Structures are given as C-alpha cells and as structure tokens.
J.: 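The structure's right below; bear with me while I get my questions together.
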Amino acid sequence: MYWGVKLKNMKKLKVLLADSQEMVKQAVAEKLREDENIILIGATDNGKEAYDMFRLEKPDVIIFDLLLSVYDGYTLLDKMNEYGKKQNVKFIMTMSVTNDTLANEAFLRGVDYLLKKPYDANIVVEKIKKIYYRIFMNSFSTNITCFLKVDSYIIVILI
C-alpha cells in the first residue's frame, strides 16, 4: 500500500541553535528560518541560555558549539541529559578543532552528530531534514519497508 504525505501538513521540527560565532549563528539561523518544515525556537551564544530554552521549548534538534559562554558544549550536553532527553531529540555538536579525544568525549556524552567548522549552513539544514524524516518515520507503529522523498511528498510503503 502506498501513502503520500505532504510535508507542510506534518508537525514542524523545533530547532534550537547555540553557537559562539555570531556570523555562523546568523547564517545557520537564516537557513533554518527559510525552511517551511522547521521552527527556529531560539539562537544564542550562551550555554546557560541554551539550556533554559531547551527546558522551556523542548526542541526536537539542538545544534550547539563546543565553545559557548557560561556553559561550554559538554556542560550544556550534561545538563540536558540530566534534565531528561526526550526519545527523539537529537544533539548536533559543532567544533572548530576536532581530534579523537574531543570527538569520543562528545559521543560518550550523547551527541548524535558532530560537525567540524567551518561548514556550509545548507549542510546543517540537510542534516536536520534527514533527522526530520527519521522522526516522522519512527512515528508509525506499522512496519515500514521503504520511503521515498519526491518533490514535497514523502512516499511511504507500508506492509
């Protein structure tokens, strides 16, 4: 059985952005605001503010930098995990310098994706869209054998 779902009829994905570099934050925020399936619930350079927004707004995706003021990225991640990570929330950490130690530490603390700066803001939005589709597909209680994105539709094959 085939079933097409118009993306604009689906729940919008709530995204929180925390980045220490103003130009990066503005570029990513602009791209996120352009996407009709995404709601940018906040943008900050302060880890404590990001944590407060996380608790208040309950985002689906959090994009945050390792080098934030007040709470750094690891502290922010620890605080969010202590508060309680809802099942589908995804953590995307960005950092200027990556090495095995920093990357391993991020993944051990619960990061889902790691992006090395500099990166293209379009790549972040594409990553979020992939997360969006996965969250959407996980919302079905039926076994899904395949799904395709065609224009602004998701075609779902259910068994």
Side-chain angles (χ1 to χ4, degrees), residues 7-8 10-139 144 147-152 154:
L7 294 181
K8 64 178 138 186
M10 293 168 40
K11 174 187 168 274
K12 293 187 180 210
L13 198 65
K14 292 171 35 174
V15 178
L16 172 60
L17 174 63
D19 198 291
S20 60
Q21 296 176 314
E22 189 63 31
M23 287 178 51
V24 171
K25 184 173 64 176
Q26 287 178 1
V28 174
E30 181 180 326
K31 290 294 179 189
L32 291 171
R33 286 186 188 106
E34 289 173 2
D35 194 289
E36 67 182 19
N37 296 307
I38 295 172
I39 298 171
L40 180 62
I41 59 169
T44 183
D45 62 357
N46 180 309
K48 182 166 183 348
E49 287 178 8
Y51 176 65
D52 292 340
M53 285 188 257
F54 167 79
R55 289 180 47 196
L56 181 68
E57 298 290 339
K58 307 207 180 345
D60 300 301
V61 178
I62 301 109
I63 306 164
F64 60 99
D65 192 11
L66 176 62
L67 301 175
L68 296 170
S69 61
V70 187
Y71 293 168
D72 68 2
Y74 291 141
T75 304
L76 173 60
L77 187 56
D78 291 344
K79 294 260 184 205
M80 290 186 293
N81 282 322
E82 285 171 19
Y83 179 75
K85 179 180 175 182
K86 69 180 189 179
Q87 184 179 7
N88 287 329
V89 69
K90 298 298 179 193
F91 296 142
I92 301 174
M93 181 182 268
T94 64
M95 56 179 72
S96 300
V97 178
T98 54
N99 62 40
D100 290 344
T101 304
L102 293 174
N104 287 338
E105 186 65 28
F107 287 118
L108 285 172
R109 292 179 188 225
V111 165
D112 296 293
Y113 302 97
L114 189 61
L115 291 175
K116 185 179 184 301
K117 290 182 175 182
Y119 54 80
D120 185 333
N122 292 313
I123 291 171
V124 175
V125 173
E126 287 305 311
K127 178 71 73 180
I128 291 170
K129 285 181 182 179
K130 288 179 184 176
I131 292 168
Y132 180 77
Y133 299 137
R134 285 186 194 128
I135 291 172
F136 171 74
M137 300 318 288
N138 288 337
S139 69
I144 295 174
F147 76 93
L148 308 167
K149 180 181 182 283
V150 180
D151 295 323
S152 62
I154 296 177

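Heavy-atom basis, side chains included; hydrogens, waters and symmetry copies ignored. No experiment lies behind these values; they were computed from the predicted model shown.
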J.: Could you give me the CA-CA distance, side-chain angles and deciding distance for Val89 and Met80, then say whether side-chain contact (heavy atoms from CB on, under 4.5 Å) is met?
T.: CA-CA 10 Å; Val89 69; Met80 290 186 293; over 6 Å; no

J.: Report the distance from atom NZ of Lys116 to atom CG of Asn99, rounding to the nearest 0.5 Å.
T.: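 Here the interatomic distance stands at 10.5 Å.
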
J.: Test side-chain contact (heavy atoms from CB on, under 4.5 Å) on Tyr119 and Val24 and set out the steps.
T.: CA-CA 9 Å; Tyr119 54 80; Val24 171; 3.5 Å; yes

J.: Which pairs would a plain distance check flag for residues 100-107, meaning a side-chain donor or acceptor within less than 3.5 Å of a matching protein atom at least two apart in sequence or in another chain?
T.:
residue, atom, partner, partner atom, Å
Asn104, ND2, Asp100, O, 3.1
Glu105, OE2, Arg109, NE, 2.5
Glu105, OE2, Arg109, NH2, 3.0

J.: Only counting residues at least two apart or in another chain, list the ones meeting side chain to side chain contact (heavy atoms under 4.5 Å, CB included) with Lys25.
T.: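 For Lys25, the residues satisfying side chain to side chain contact (heavy atoms under 4.5 Å, CB included) (neighbours in sequence not counted) are Leu17, Asp19, Glu22, Ala43, Asp45.
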
J.: Residues in side chain to side chain donor-acceptor pair (under 3.5 Å) with Ser69, at least two apart?
T.: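 If we apply the side chain to side chain donor-acceptor pair (under 3.5 Å) test to Ser69, skipping adjacent residues, there are no hits.
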
J.: Among all residues two or more places apart in sequence or in another chain, which pass the side chain to side chain contact (heavy atoms under 4.5 Å, CB included) test with Ile92?
T.: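 For Ile92, the residues satisfying side chain to side chain contact (heavy atoms under 4.5 Å, CB included) (neighbours in sequence not counted) are Val61, Ile63, Tyr113, Leu115, Lys127, Ile128, Ile131.
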
J.: Is Asp60 reaching over with its side chain to a backbone N or O of Lys14, donor-acceptor style, under 3.5 angstrom?
T.: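 Yes; at least one donor-acceptor contact below 3.5 Å.
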
J.: When rounded to the nearest 0.5 angstrom, what distance separates CG in Leu13 from NZ in Lys129?
T.: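 Reported to 0.5 Å precision, the distance equals 11.5 Å.
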
J.: Quick one: pull up CG in Leu16 and CD1 in Ile39 and give me the separation to the nearest 0.5 Å.
T.: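 So the gap between those two atoms works out to 13.0 Å.
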
J.: Once side chain to side chain donor-acceptor pair (under 3.5 Å) is applied, do any residues pair with Glu57, and if so which ones, sequence neighbours excluded?
T.: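 Here no residue qualifies.
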
J.: Got a second to check how far Asp72's CG is from Leu67's CG, nearest 0.5 Å?
T.: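 Asp72 atom CG to Leu67 atom CG measures 8.0 Å (nearest 0.5 Å).
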
J.: For Glu34, which residues count as a side chain to side chain contact (heavy atoms under 4.5 Å, CB included) partner, sequence neighbours excluded?
T.: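 Side chain to side chain contact (heavy atoms under 4.5 Å, CB included) check on Glu34 returns Glu30, Lys31.
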
J.: Calculate, to the nearest 0.5 Å, the distance between atoms CG and OH belonging to Asp78 and Tyr71 respectively.
T.: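 Rounded to the nearest 0.5 Å, the CG-OH separation comes to 11.0 Å.
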
J.: Could you go through residues 46-53 and list every donor-acceptor pair under 3.5 Å that involves a side-chain atom there, pairing it with any protein atom two or more places apart or in another chain?
T.:
residue, atom, partner, partner atom, Å
Asn46, OD1, Lys48, N, 2.8
Asn46, OD1, Glu49, N, 2.9
Lys48, NZ, Asp52, OD2, 3.4
Glu49, OE1, Thr44, OG1, 2.6

